[in-house]
Amino acid sequence: MPQIDLNWLAVIAAAASAFVLGGLWYGPLFKRAWCREAGIDPDSAPSHPARIFATAFVCSLLSALIFAVFLGHDASAANGFGAGFVVGLFFVAMSFGINYAFAQRSLKLWMIDAGYHIVQFSLYGLILGAWH
């Protein structure tokens, strides 16, 4: 098995960027629209916020880690950004599209959630590619 050379600080920074982005995306940018489309009261608090945030961070960390392995250590910021955009759009967003079609979720909800993941993976690639 080949040795994998990772910059753990870059991986953690990439994972943390998902939280900063999520705070903006699902906060001031799209909170009301997302809640309306998801059928969630925008003024209610989650029932188990610590578990939700812990799960989200572990998932973000794992996706940033495997994306770093996928990119390799020679990727530039531009290459990383481009790879992240492609992964976000064609892997994540299209997978969501299939699920949302069968679940009969709205196009608006899909666009909000897919848009987040496109930007999320683009940021992962930018951070991981720039920070060797």
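The figures that follow rest on heavy atoms only: side chains count, while hydrogens, waters and symmetry mates do not.
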Euclidean distance, [Y] [atom2] relative to [X] [atom1], rounded to 0.5 Å:
X	Y	atom1	atom2	result
Tyr100	Glu37	OH	CD	11.0 Å
Tyr26	Cys35	OH	SG	10.5 Å
Ser63	Gln120	OG	CD	5.0 Å
Arg36	Ile112	CZ	CD1	8.0 Å
Leu21	Leu29	CG	CG	8.5 Å
Leu128	Phe81	CG	CZ	13.5 Å

Do you know which two heavy atoms are closest between [X] and [Y], and how far apart they sit?
X	Y	value
Pro28	Gly23	CD-O, 3.4 Å
Ser44	Ile40	OG-CG2, 4.5 Å
Ala15	Ala64	N-CB, 4.0 Å

Does one hydrophobic cluster hold both [X] and [Y], with members joined at side-chain heavy-atom distances below 4.5 Å?
X	Y	value
Phe70	Leu123	yes
Leu71	Leu9	no
Phe91	Val119	yes
Phe90	Ile98	no
Met94	Leu109	yes

So, the side chain of [X] versus the backbone of [Y]: is there a donor-acceptor pair under 3.5 Å, distance only?
X	Y	answer
Lys108	Ala33	no
Tyr116	Ala18	yes
Trp25	Val20	no

Worksheet entry | Stepwise side chain to side chain contact (heavy atoms under 4.5 Å, CB included) check, Asn7 with Val11 | CA-CA 6 Å; Asn7 180 340; Val11 170; 5.9 Å; no

Worksheet entry | side chain to side chain contact (heavy atoms under 4.5 Å, CB included) evaluation trace for Trp110 with Asn99 | CA-CA 10 Å; Trp110 176 72; Asn99 290 11; over 6 Å; no

Discussion item. How about CZ on Phe85, more than 12 heavy atoms from neighbouring residues, nucleotides or ligands closer than 6.0 Å, or not?
Written reply: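 For Phe85, atom CZ is not crowded (no more than 12 foreign heavy atoms under 6.0 Å).
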
Worksheet item: Going through the checks in order, is the side chain to side chain contact (heavy atoms under 4.5 Å, CB included) test met by Leu65 and Trp8?
Response: CA-CA 8 Å; Leu65 171 65; Trp8 284 98; 3.5 Å; yes

Item to complete: Quick one: list whatever passes ring-ring contact (aromatic ring centres under 6.0 Å, His included) with Phe19, sequence neighbours left out.
Response: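 ring-ring contact (aromatic ring centres under 6.0 Å, His included) list for Phe19, sorted by chain: Phe57.
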
Worksheet item: Charged N to carboxylate O below 4.0 Å: is that the case for Arg32 and Asp43?
Response: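 Looking at Arg32 and Asp43, the cut-off is met.
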
Item to complete: List the steps, then state whether side-chain hydrogen bond (donor to acceptor under 3.5 Å, both in side chains) holds for Tyr124 with Ser17.
Response: CA-CA 8 Å; Tyr124 282 1; Ser17 76; over 6 Å; no

Worksheet item: Yes or no on side chain to side chain contact (heavy atoms under 4.5 Å, CB included) for His117 and Phe96, after CA distance, side-chain angles and deciding distance?
Response: CA-CA 10 Å; His117 290 289; Phe96 270 57; 3.7 Å; yes

Worksheet item: Within a strict 4.5 Å, meaning less than it, do heavy atoms of the Val86 and Phe121 side chains meet?
Response: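 The answer is no, as the side chains (C-beta and beyond) never meet within the 4.5 Å cut-off.
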
